[in-house]
Amino acid sequence: MRSKPNKKEMPNGSSKKLKGNQWMWYIFLLPTLLGILCFMVYPILESLRLSLFHTSGGGETWAGFDNYKTVLTSGEFWNSVYNTFYIGLFQMIITIPLGFIFASMINSVTIAKNFFKVIFFLPNVTAIVAAAMIFTFVLHPDMGLLNYFLGKLGLPQPLWLADPSTAKWAIILLGVWHWIGFVIIICLANLQAISPELYEASTIDGASSFQQWLFITIPNMVGTFAFLLITGWIGALQRFNDVYVIGGPTGSPNRSIQTVVAYIYEHGFTGFQFGLASAATYVLFVIILIFTVFNLKITNMKL
Amino acid sequence: MFKSKKGKALVWGFVSLLVMLSFLTGCGSTSTSNKKDGKWAGQTITVQMIGSFKLQDSTDPISGQKIKGLQALKDEFEKEHPGATVNIVTMPWDGYIQKTKTMVTGNQADVYQMPGLDSGYAREGDLEPLQKYIDKDHFDLSKYVDNTVEGWETVGPDGKKQIYGLPVFGDTRFILYDKKIFKDYGVKDLPEHPTMDDIMNAAKQMTGKDPVTGQQTYGVYFNGQTPEFLITDIAEGLGGSWGSGLNYKDMKFDFNSPQYQKALNWLISLEPFAPKGITSNQGSEKWLTKNNNIAIMLDQGPGSLITKINAQGLQDRIGIVQQFKNDKGVGGLFAGSPFVMAKSSKHKDLAWEWIKFSSSDFFQKYLWEQYNNIPVIKSAYTDWQSIKDEKQFMDPILQALSTPWTPHYPWVNAEPRNDLSSGVQGALTGKMTAKQALDKIEQQSNDWLKQQNQ
């Protein structure tokens, strides 16, 4: 096996050349670094600055922490926080266990395994904007596919998107449908990485399939669940595209599906309250930060 | 690696190219062919236009007819103004508020089509007042349809109301109804100015099984996802108003007035005669088709109305009447689009020429015949055969266009609009009473106003 050459062993000329070549790679990285500076670092700092001003894009007046005060005392903002957590929580409660069960089933079948993987993963590769538009038809109170089947089963046919009490569940359904393929694929990858020797040993010890699943599979999946939980929450807290397509910036009806990002969009881009929207963005950043640290702690996951 | 001089030069060249490309990407190129001859030699203006406009010829997806692109307008203007160059930037309606704001902030155009004129552009000093140009040219404003110039007046940095934009095309609201469903149920057609009772009674009678076809029909439909202009119109019909003032310092909201409360309660009692799903704008999918199941459609705009009606052959079936007006005959949304001139424009005289050009028969006829945009010049309604051919719809549209609430609602592109819409939805979905909803809207609007005055 080749080891890294010791600097002292190298002739002086070679060392200088290496140094020169190392700089060369930084030059290759320059366009990307410039891009990060221009399109990430600058907007983040500019947004922080804007959050301290009253501005609609033209003139600016110093606001201090007024915008933060307005955001934190706004009923609409906390309503959007509630909606975001409600939709995110139930989406995760449904999708992660369901995805894991489906992944376990797919992992145990011997034929058509790839077929099932593709079928379940398809929604995840569908653009969420297109999926949201299709779901407005699926969830149509009179002509929708979902209510048609509910009617056939003799179950109540909700108004879904037209009623604030069911609209959040309509969004959760869309989220579950779209995200479950990803959960299945991640779970499958981990399931296939569990050592078969563990199962062989437990079979010799007389463990049933259910016991193996409960005492071998699930404990070995904890890391995956933690990963899904953390990435799922980050995604859920940043949710925007589908709720915007379905409910507009205000999350119709009656702000029932307005998420925090939609609240930011509403104030920034339909009301031109850029300072307020920037303050809300930083509040969201803090919420995500605290919640992610909390998630890392409870899942015992290391970054 | 890269030991030779040639190799290093190649790498440096490649790196430089990458850096240059990264800077150049996103910097759109604009055609600035500086013409050297003519009165306007070397002057170039950029005009932004919003809608389904295309620069090149295309095909209408509904009627299948060929539509000429805006290139024809550019060519005509440049022909009439030797030496001048016009660059037209088009954008779809989707996201136009954000895109316009971005363009104005970046001084990207000389002339803007600006339906959101009251979003503070003039107040913040981004726009050029037009009165001095009007005076200099003795430009005759009476050529425009009544109310359409005054409707676009707004306040500048000095807080005084004046002309910052001149209309390009109109937009209005009216009530449409399906004469076939009325006939099937034996209900009399709506009068030219229906009352709230007329609508309620007719809606009640026509919700159920159609006696002729046996199909389920609904008495009425309104878009409950965006009900803010409808409720405002009903309140105006009852003698109320949204409030007063164009300048933030003088502005007062009156969203919880008795008229608004009566209007919202009326909408709530009308809702059972509409299809389920109005608050998510669902249930009207069959409207303007031969299988229509809705008798009365409130708060309709012209849009591509005539194209759709003609494409479906519904000319004899669809009736059009006025929205609710107050005792002075005024009421309803004032909308459409004006052209405004950017303060930052380097060629203001040429920009003004374009604004004037937009009121010409050529320009107006072009937008009407190619894109069904409602003309804003009186001569269109007296002289053009293409308007006379659609007299049945265009006469009531002209009437609606001449009698809306003016000036433009100053909250049309701001938070109070969203609050009004969400609050009405709250009442329509039974989450709060009409009074609770309107008190909340009033409070939110006043909070917004307080923030604007900080």
Side-chain angles (χ1 to χ4, degrees), chain A residues 17 20-21 24 27-28 30-32 34-35 38-39 54 56-59 61 63 66-67 70 73-76 136-137 139-144 147 157 159-165 167 170 246-256 258 265-276, chain B residues 1-3 8 11-12 14-15 18-23 95 97-98 101-102 104-105 119-121 123-126 157 216 224-226 275-283 285 413-419 421-432 437 440 444 447-448 451-452 454:
Chain A
K17 271 182 188 169
N21 284 343
M24 188 69 75
I27 292 165
F28 270 100
L30 197 62
T32 309
L34 279 174
C38 292
F39 301 114
H54 292 298
S56 62
T61 53
D66 273 7
N67 289 323
T70 308
T73 54
S74 157
E76 256 65 58
T136 57
F137 294 105
L139 299 166
H140 193 289
D142 279 331
M143 301 186 289
N147 272 4
Q157 296 167 297
L159 291 178
W160 294 116
L161 298 168
D163 185 339
S165 12
I246 290 173
T250 60
S252 290
N254 194 23
R255 298 186 185 273
S256 58
Q258 187 182 44
Y265 183 87
E266 181 198 352
H267 288 270
F269 296 107
T270 67
F272 297 152
Q273 293 171 295
F274 295 122
L276 196 72
Chain B
M1 200 181 178
F2 312 128
K3 282 177 185 170
K8 277 187 181 172
V11 169
W12 277 109
F14 181 66
V15 169
L18 271 177
V19 174
M20 276 171 63
L21 279 175
S22 68
F23 276 111
I97 297 173
Q98 300 87 314
K101 187 75 182 179
T102 309
V104 173
T105 309
S119 303
Y121 297 103
R123 204 178 291 114
E124 289 170 8
D126 292 324
Q216 170 72 42
Q225 199 173 34
T226 53
K276 294 172 197 166
I278 50 167
T279 48
S280 53
N281 197 19
Q282 292 175 309
E285 289 78 9
N413 283 322
E415 285 303 311
R417 177 179 176 178
N418 293 337
D419 294 331
S421 152
S422 300
V424 172
Q425 285 166 10
L428 287 173
T429 52
K431 298 294 166 193
M432 52 185 103
K440 190 179 171 192
Q444 289 171 325
D447 288 346
W448 170 81
Q451 285 164 28
Q452 302 308 307
Q454 278 172 342

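Per chain, numbering begins at 1; letters A, B, ... match sequence-line order.
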Let me know if Ile246(A) has heavy atoms under 4.5 Å from chain B in its side chain, its backbone, both or neither.
-> backbone
The reported gap from CG in Leu139(A) to CD in Gln282(B) (rounded to nearest 0.5 angstrom) is 7.5 Å
Could you check which of Asp419(B), Asp126(B), Val424(B), Leu428(B) has the highest count of heavy-atom pairs closer than 4.5 Å to chain A?
-> Asp419(B)
Given Lys101(B) and Ser56(A), is the side-chain contact (heavy atoms from CB on, under 4.5 Å) satisfied, shown in steps?
-> CA-CA 9 Å; Lys101(B) 187 75 182 179; Ser56(A) 62; 4.2 Å; yes
Nearest 0.5 Å, what's the CD-CZ distance between Glu285(B) and Phe137(A)?
-> 7.0 Å
When the 4.5 angstrom heavy-atom criterion is applied to His140(A) and chain B, the contacting part is both
Using side-chain hydrogen bond (donor to acceptor under 3.5 Å, both in side chains) as the criterion, list what pairs up with Gln216(B), not counting sequence neighbours.
-> none
Sort Thr136(A) into side chain, backbone, both or neither according to what part of it lies under 4.5 angstrom from a heavy atom of chain B.
-> both
With Ser165(A), which residues qualify under side-chain hydrogen bond (donor to acceptor under 3.5 Å, both in side chains), at least two apart?
-> Asp163(A), Lys431(B)
Side chain, backbone, both or neither: which part of Asn67(A) has a heavy atom under 4.5 Å from chain B?
-> neither
Asn413(B) vs Phe272(A), side-chain contact (heavy atoms from CB on, under 4.5 Å): CA-CA, chis, key distance, verdict | CA-CA 9 Å; Asn413(B) 283 322; Phe272(A) 297 152; 5.7 Å; no
Chain A heavy atoms under 4.5 Å from Ser119(B): which part of the residue, side chain, backbone, both or neither?
-> both
Where is the tightest heavy-atom contact between Gly271(A) and Glu415(B), given as atom of each residue plus distance?
-> CA-OE2, 3.8 Å
